[in-house]
Amino acid sequence: MKKILFVSSEAVPYIKTGGLADVVGSLPKYFNRKEYDVRVILPKYACMDAAFLPGLHFVCHFYVNLNWRKQYAGIFEAEYKGVRYYFVDNEFYFAGPSPYNNIYEDVEKFAYFSKAVLEALPYIDFAPDVIHCHDWQTGLVPVYLHTVFGADNFYAGIKTVFSIHNFKFQGRWRIREVIDITGLPEQIFNDRELESYGEANYLKGGVVYSDAVTTVSPSYANEIMTQEGGEGLDGLMRARKNSLYGILNGIDYDEFNPETDPYIEANFTSKNVMSVKKKDKAALQKELGLPVREDAFVIGVVSRMTEQKGFDLISYILDDMVTKLDVQLVILGTGENKYENAFHHFHSQYPDKVSAYIGYSEARAHKIYASADAFLMPSLFEPCGLSQMMSMRYGTIPIVRETGGLKDTVEAYNEYENSGTGFSFCNFNADEMFHIIEYAYHVFSDDKRAWENLMQRAMKQDFSWNNSARQYEKLYDSLCEMK
Ligand code: ADP
Ligand code: GLC
């Protein structure tokens, strides 16, 4: 039995700000349980979903040395859907209303977390074959492992995988302060190891010190090796080309299942979708105060409101879209103030056409995935993207920009061959996006048959973890064979 430890700053159901939590909260369930004992370790945030607190049990405590600081660490554990979770408790670091604060607080918080994770292993009596780290917050785990813990027998032979979910966030801060916080040896802050553009860079540390690096789609793996998508580290990624793998994310087929979803008005399958999905659409329109009309083209958006997600493009064409087409735009999201304010404004300007709910709601997200006709995701870049796959599972047709994982998961509609699962455009350009929305609108309105075929094909795609979990297993196996 191989032992694998996932280290992450978030995981469903305990704490979530984005797709990382979905991935870490679902992938461990899909490994072959007879051969892989996959466990997860997370921070025990004060803002964690309180409903789960009674299920956490105290295991032990110890102290973590961070240079001249000595910090308490408590370890808790819990079991959820057959997966064992550990939590690192420290009320000073993990306080506050969200997992992430200012970068200067976060670099210390996650240095502490990374070191505490390694210190915890003998206490929880779990000597992993592979430690699988996720995003910059855990980038120092492999660095500490090979420097500070290198001489200790308990840690000898542990392999590391570093997964990049978003290359834009790298955890960069002043070298002097990072040395002071982490207690890492000064000589590793050079341009082949932890230094980048004059700063310490946690993500770079993770990439350099891990045995293998993965990212969440094959296209994004290629993009981060180019100057355009490399966020300043494309040279590093090209240098690691031979140990860089693009493994497509899956979605949790138990949670996002039109047949059993408890959040939606009427459950359906691909067999009865045509007759049932309308009920969901009508219920959503009613709930949001939009005119209940079957022929209106309902476009959903569920997203963090950031530049990455293409909100500039949507804002730019919104007036045209709602005045020229019979469209109802339904938005659910939180994020940057400028976008939140813009969509508040559109909501009050076009009450019959635009519904914008600025906030976070699992229930509403499911209702939009299940009830809209189309799902808009015009990302500037997208490492994988889960929302477009969730939509397709419910027969909601994605309209996406051809980038990263969106390119790998959505096949463009071809009216001549009657093929494809969605609509896509290439350049990050609002007019180009508008043309493709118009095209989708006309197919929806004028060619019902073609639209139904699109829905059927989208619902038949396999976005479960089955395939990708096997690829991770293979990767772990190959690392374990390495000396
Ligand atoms: P990212 O991780 O870049 O935000 P993904 O598409 O990978 O994008 O994952 C986003 C996840 O967050 C999905 O599960 C989506 O449903 C969820 N989500 C985003 N915004 C909201 C919101 N306002 N309310 C509920 N769920 C949301
Ligand atoms: C990141 C990316 C998103 C990806 C998610 C899970 O948040 O922005 O594209 O799906 O991580 O890997």
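By convention here, the first residue in the shown sequence is residue 1. Start at 1 and go down the list; that is how both ligands and their atoms are numbered.
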*asked:* Please check whether Asn249 reaches ligand 2 - meaning an N/O of the residue sits under 3.5 Å from an N/O of the ligand, judged on distance alone.
replied: yes

_Subset of ligand 1 atoms that lie under 4.0 Å from at least one heavy atom of Arg304_ = 1 (P), 3 (O), 4 (O), 20 (N)

*salt bridge (charged side-chain N to carboxylate O under 4.0 Å, His left out) between Glu79 and Arg84: does it pass, once the steps are laid out?*
CA-CA 5 Å; Glu79 187 116 345; Arg84 181 161 310 186; 3.8 Å; yes

*Numbering the atoms of ligand 1 from 1, which are under 4.0 Å from a heavy atom of Gly19?*
1 (P), 2 (O), 7 (O), 9 (O), 10 (C), 11 (C)

*Could you give the distance from CZ (Phe162) to NZ (Lys204), rounded to the nearest 0.5 Å?*
13.0 Å

_Under 4.0 Å, heavy-atom basis, I'd like to know which part of Ser303 is in contact with ligand 1: side chain, backbone, both or neither._
backbone

*What residue and atom, counting heavy atoms only, is the protein's closest point to atom 2 (C) of ligand 2, and at what distance?*
His165 O, 3.1 Å

*Show which atoms of ligand 1 fall inside a sub-4.0 Å distance from at least one heavy-atom site of Gly385.*
6 (O), 7 (O)

*Is the Tyr202-Phe110 ring centre distance short of 6.0 angstrom?*
no

*Closest protein heavy atom to atom 18 (N) of ligand 1, given as residue, atom name and distance to 0.1 Å*: Val302 CG1, 3.9 Å

*With rounding to the nearest 0.5 Å, note down the distance linking CG in Leu248 to CG in Asp408.*
6.0 Å

_For Asp22, the ligand 1 atoms whose distance to one of its heavy atoms is below 4.0 Å_ = 11 (C), 13 (C), 14 (O)

_If we only consider heavy atoms of Gly18, is any one of them less than 4.0 Å away from an atom in ligand 2?_
no

*So which heavy atom in the protein is nearest atom 27 (C) of ligand 1, and how far is it from that ligand atom?*
Tyr360 CE1, 3.5 Å

*asked:* Using 30° and 60° as the class boundaries, would you call the ring planes of Phe87 and Tyr14 parallel, tilted or perpendicular?
replied: perpendicular

_Just to confirm my output: which protein heavy-atom neighbour is closest to atom 9 (O) of ligand 2, and how far is it?_
Glu382 OE2, 2.5 Å

*Arg393 charged N/C atom sitting above Tyr253 aromatic ring, 6.0 Å / 45°*: yes

_ligand 1 contacted by Lys16 (non-hydrogen, < 4.0 Å)_ = yes

*Does Lys109 count as lying over the ring of Tyr93, i.e. NZ or CZ under 6.0 Å from the six-ring centre, within 45 degrees of the axis?*
no

*Test of proximity, Val216 against ligand 2: N or O pairs below 3.5 Å*: no

*Touching ligand 2 at all, Met377? Heavy atoms, strictly under 4.0 Å?*
no

*Looking at ligand 1, does Tyr369 have a heavy atom less than 4.0 Å from it?*
yes

*Heavy atom under 4.0 Å from ligand 1: found in Ser361's side chain, backbone, both, or neither?*
backbone

_Gly359, any N or O under 3.5 Å of ligand 1 N or O_ = yes

*Once the angle between the rings of Phe52 and Tyr80 is folded into 0 to 90°, is it parallel (under 30°), tilted (30 to 60°) or perpendicular (over 60°)?*
perpendicular

*Heteroatom proximity flag, Cys384 to ligand 2, N/O under 3.5 Å*: yes

*Consider every N or O of Leu386 and every N or O of ligand 1, then say whether any pair is closer than 3.5 Å.*
yes

_Under a 4.0 angstrom heavy-atom cut-off, which atoms of ligand 2 come close to Asn166?_
8 (O)

*Name the closest protein heavy atom to atom 8 (O) of ligand 2, giving the residue it belongs to and the distance to 0.1 Å.*
Gln308 NE2, 3.2 Å

*Geometric class of the Phe444/Trp451 ring pair [parallel <30°, tilted 30-60°, perpendicular >60°]*: perpendicular

_Would you call the rings of His134 and His132 parallel, tilted or perpendicular, taking 30° and 60° as the class edges?_
parallel

_Element-labelled atoms of ligand 2 that are located less than 4.0 Å from some non-hydrogen atom of Arg304_ = 8 (O)

*Tell me: protein heavy atom nearest atom 8 (O) of ligand 1, and distance?*
Lys309 NZ, 3.1 Å

*Only one of His366, Met459, Lys367 forms a side chain to side chain contact (heavy atoms under 4.5 Å, CB included) with Tyr394, so which one is it?*
His366

*Near Gly385, which atoms of ligand 2 are under 4.0 Å from a heavy atom of that residue?*
3 (C), 4 (C), 9 (O), 10 (O)

*asked:* Below 4.0 Å, non-hydrogen atoms only: which portion of Met390 touches ligand 1? Side chain, backbone, both or neither.
replied: side chain

*Heavy-atom donor-acceptor pair, Asn341 side chain to Lys338 backbone, under 3.5 Å*: no

